[in-house]
Protein chains: 2
Amino acid sequence: MTTQAQGLHARVLETLGPAITAGEYKPGSVLRTDELAERLEVSRSVMREAVRVLESMHLVESRRRVGVTVRPVAEWNVYDPQVIRWRLAGADRPRQLRSLTVLRSAVEPVAAGLAARNATPEQCAELTECALGMVATSRGQQLEAYLVHDIAFHRVILNASGNEMFAHLGDLVAEVLSGRTHHQVMFKDPDPPAVRLHVQVAEAVREGDAARAEELTREIAVGALQELDILAP
Amino acid sequence: MTTQAQGLHARVLETLGPAITAGEYKPGSVLRTDELAERLEVSRSVMREAVRVLESMHLVESRRRVGVTVRPVAEWNVYDPQVIRWRLAGADRPRQLRSLTVLRSAVEPVAAGLAARNATPEQCAELTECALGMVATSRGQQLEAYLVHDIAFHRVILNASGNEMFAHLGDLVAEVLSGRTHHQVMFKDPDPPAVRLHVQVAEAVREGDAARAEELTREIAVGALQELDILAP
DNA sequence: CGCGCTCAAAAGTCAGACTTTTACATCACA
DNA sequence: TGTGATGTAAAAGTCTGACTTTTGAGCGCG
């Protein structure tokens, strides 16, 4: 699943990144590249490259005569896919899933509305196929197969919206959905009403009914929020 | 405005990043670190660090025996603040502003609704202050002063939502708003109705009226979309 | 035609010397 | 005692050169 680290520098990142995002190095604490290089048994050049990347993610700040200081959480590039993966793998995964789900609940309805206007016939067909796949795997403990179709469905919606920023949230949504299946409850089959809603969204998009697609997707989002005990009015 | 490049490596980034995002190096084209280092008159170590950062932004991919290949636009980390800045500075700034504005229109109403539930008294006060500032500067060609208050207003809303992902869009919204003032039309004073809407949002948040805050913010968003000729039904 | 072998190109890694910035302490002077 | 100039050393930053590793591509052989 996770990209196997190729290159020494990537392996260092896979050590430091999760450690920092997990709060193992508290914000404000200072590291020294030389000491780190020695501890992780790599050359300083490799360590410097790793630090540069962490710096570009705003996880740390490197200053002369001071060292590499860990930045406060509020400054991290929390939309960086790698940062998201590290944080989801860490201890505050539940909090992460909540804030990402709230983001989904804001974005996906609008994306669905746009998809209804902009989806190509191919995308409509793909969407219908995903919905059918979801129906077919919604009973009998085929959770993994269901997940695949669910992810594909939401990805198509985001892509079909025609908006680049929405399209790029595909991986994020995939992480959230698979997180729900793997680490959340979800022992039993998915709720039939949720499955039906997906089918109806596919319908609405196919018919170009933007308002209905948006409203139906909003209902799906409300369901996702309720699953995580995030109150709705 | 733009962070003055400190460190040789940052200067290299400020050369390559804009060039790549502007399409000066087309996706698929290949660069060689040695050749680049020579051309930009820096050592290979510096160039390698820069390439690493570009790689972490998914702008390029570095493979042995091949070189550094520019990735297709669809794979870039378009939520990276630096990438956003580079793209906004480039040729397809209009397209960028559109897609970012659509994102805003999805996120900010939900954020405002959450803010109405979660805002602290301090945040409510700050919000009111921003709104008053907007009113005070809405006439007489004080566009810069107005912009400052406008940015502050939206930033407070996003922060007050209590959602980390929303809060991190503050810089993005700031870029969009300042882009509108500086590079768009906006010769004359802002529309009085828009100003009034902001005041009313502040009111709604103060009173904890989530539904009203969300609806009013949605009206603001519609206005922003219309300014860019993005159709509303 | 295809299979495997070899070669070289390019990134990757390392080590060491040197430069630059700058926090901190020290000291002189008011 | 407080304040400002000065010096020092610590840490990041830079450069260079040698070496290793991977791997695409060409070549020859079956």
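Convention: sequence-line order gives letters A, B, ...; per-chain numbering from 1.
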What residues in residues 46-61 of chain A put a non-hydrogen atom under 4.0 Å from any atom of DNA chain D? A/Arg48, A/Arg52

Report the residues that fulfil side-chain contact (heavy atoms from CB on, under 4.5 Å) with B/Ala145, sequence neighbours left out, ordered by chain and then residue number. B/Thr137, B/Gln142

Partners meeting side-chain contact (heavy atoms from CB on, under 4.5 Å) with A/Arg65 (sequence neighbours left out): none

Give every pair of a protein N or O atom and an N or O atom of nucleotides 22-24 of chain C that lie under 3.5 Å apart, one pair per line with the distance.
| unit_1 | atom_1 | unit_2 | atom_2 | d |
| --- | --- | --- | --- | --- |
| C/dA23 | OP1 | A/Arg63 | NH2 | 3.3 |
| C/dA23 | N3 | A/Arg65 | NH1 | 3.2 |

Sorted by number, the residues of residues 32-43 of chain B with heavy-atom contact under 4.0 Å to DNA chain C: B/Arg32, B/Thr33, B/Asp34

Determine the contact category for A/Ser45: base if any of its heavy atoms lies under 4.0 Å from a base atom, sugar-phosphate if only primed atoms, P, OP1 or OP2 are that close, otherwise nothing. base

So, using ring-ring contact (aromatic ring centres under 6.0 Å, His included) as the criterion, who are the partners of A/Tyr79 when residues are at least two apart? B/Tyr79

So which pairs with a foot in residues 156-166 of chain A pass side-chain hydrogen bond (donor to acceptor under 3.5 Å, both in side chains), sequence neighbours left out? A/Glu164-B/Arg87

Flag for A/Arg206-A/Thr128: side-chain donor and acceptor within less than 3.5 Å: yes

What are the 5'-most and 3'-most nucleotides of DNA chain D lying under 4.0 Å from any heavy atom of chain B? D/dT14 to D/dG24

Within the 4.5 Å heavy-atom criterion, are A/Leu16 and A/Leu36 side-chain neighbours or not? yes

Salt bridge (charged side-chain N to carboxylate O under 4.0 Å, His left out) against A/Glu126, all qualifying residues, sequence neighbours excluded: none

Which salt bridge (Lys or Arg N to Asp or Glu O under 4.0 Å) pairs, counting each pair once, include a residue from residues 54-63 of chain A, with sequence neighbours left out? A/Arg52-A/Glu55

A/His149 side chain vs A/Val135 backbone, donor-acceptor pair below 3.5 Å: no

A/Arg44 CZ to C/dC18 C1', in whole Å, measures 11 Å

Checking A/Glu38 now: which residues fulfil salt bridge (charged side-chain N to carboxylate O under 4.0 Å, His left out) with it, not counting sequence neighbours? none

Side chains of A/Arg180 and A/Asp150 in contact at under 4.5 Å (non-hydrogen atoms): yes

Which residues satisfy the salt bridge (charged side-chain N to carboxylate O under 4.0 Å, His left out) test with A/Asp92, sequence neighbours excluded? none

Is there side-chain contact between B/Phe166 and B/Val110, with heavy atoms separated by less than 4.5 Å? yes

